[in-house]
Amino acid sequence: MTRYTPPRIMGIVNVTPDSFSDGGRYLDTGRAARHAIQLLDEGADIIDIGGESTRPPGRDYGAGSAAISEEEELRRVLPVIEQVKAERPDAVISIDTMKSGVARGAAAAGATIINDVSAGRYDASIWSVAAEFNLPYILMHGHDPADQRPADEIHYDDVAAEVREFLRGRIALAARAGVRQIIADVGIGFAKGLEENVRLLREHERFIDLGVPLLVGASRKSFIGRLLGGLPPDERLNGTLAAHAVATLRGATVIRVHDVRAAREFFTVFAELIGSGTDSV
């Protein structure tokens with residue numbers, strides 16, 4: 001048993017036209033950089049900048065997102081990273097990419113974390129970049145670029161056990177490739193239906209024995225909308241806060257969010273209340 005510690009908050013900046021929640025809103029470099037600065041002002045510990053949507057296929061989002069070239073992805077993200085670092089040299093920036101070339105360019109521009117939703121399955125050379133620059137590397141379950149089946153077509157006998165074993169294997173491979181700081185993400189909303197997402201959050205403590213920090217990104221995900229009777233993404237804040245609260249009580253130490261101020265205020269009060277003499281799992 002350990003005392004409750006509030007999570008580190010990762011704010012999302014999607015420099016994309018087709019992300020599920022805010023696609024197109026921050027495609028302009030200046031607007032994206034200003035949004036990142038605003039999220040830092042609101043209390044973000046990390047800014048996660050991504051130039052390629054990974055919106056999954058399925059009944060909620062249709063065919064899913066379209067792949068883009070490395071050159072286009074770099075064109076979108078590098079100016080944003082450079083502008084944010086120019087204004088806030090101490091900003092901690094994560095690059096949300098599956099491509100080693102984008103990770104390398106972003107690291108050279110000032111990014112200090114790599115967030116790879118493919119867990120190295122798209123481009124295993126990304127591990128070499130993380131090792132070379134000695135960057136924390138986030139690997140996630142669920143986004144396999146070679147398997148674009150809708151979530152409703154994917155079956156699990158025990159979703160928590162199967163996700164845990166996948167993450168364990170990818171952690172071992174990344175470490176063998178020289179990655180020294182690894183963070184694991186169960187991949188809420190990726191290759192999982194409503195029941196699987198709910199189970200992963202209810203049973204998230206099963207991932208603690210992986211021995212690495214745990215990240216959860218449930219922000220505005222479709223399962224929240226379904227639980228709340230079909231609410232659209234921009235009306236899922238309350239459900240998001242509930243999902244992340246449960247995740248942090250069950251081992252998550254980083255949460256990835258769209259609404260930084262709300263998360264910071266919620267967890268400031270939540271930690272004060274639950275930490276005053278009460279231990280959590």
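Every heavy atom of this structure was used, including side-chain atoms; hydrogens, water molecules and symmetry mates were not.
- Minimum heavy-atom separation, Asp209 to Arg168: OD1-NH2, 3.8 Å.
- Between Arg88 and Asp41 there is a salt bridge, with a side-chain nitrogen of the basic residue lying less than 4.0 Å from a carboxylate oxygen of the acidic one.
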Given the rule in the side chain to side chain donor-acceptor pair (under 3.5 Å) test, do Asp123 and Ser100 qualify, once you have shown the distances and angles that lead to the verdict?
CA-CA 6 Å; Asp123 180 0; Ser100 60; 2.7 Å; yes

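- Among all heavy-atom pairs drawn from Ser53 and Thr16, the shortest one is N-CG2, 3.7 Å.
- Within the 3.5 Å criterion, the main-chain N or O of Ala262 finds no donor-acceptor partner in the side chain of Asp259.
- Put simply, the side chain of His244 gets close to the backbone of Ala218: a donor and an acceptor are under 3.5 Å apart.
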Give the intermediate values and the outcome of side chain to side chain donor-acceptor pair (under 3.5 Å) for residues Gln83 and Thr29.
CA-CA 8 Å; Gln83 188 168 327; Thr29 295; over 6 Å; no

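- Leu210 and Leu249 fall within a single hydrophobic cluster, where Ile, Leu, Val, Met, Phe, Trp and Tyr are joined by side-chain heavy atoms under 4.5 Å apart, directly or via other members.
- Ionic pairing of Glu203 and Arg250 is not present here: no N-O contact between side-chain nitrogen and carboxylate oxygen is shorter than 4.0 angstrom.
- Side-chain atoms of His258 and Ser219 form a donor-acceptor pair, as typed in the model, at a separation below 3.5 Å.
- Residues Phe267 and Pro7 meet the side-chain proximity criterion, which asks for heavy atoms closer than 4.5 Å.
- The shortest heavy-atom contact between Glu205 and Arg202 is OE1-O, 3.4 Å.
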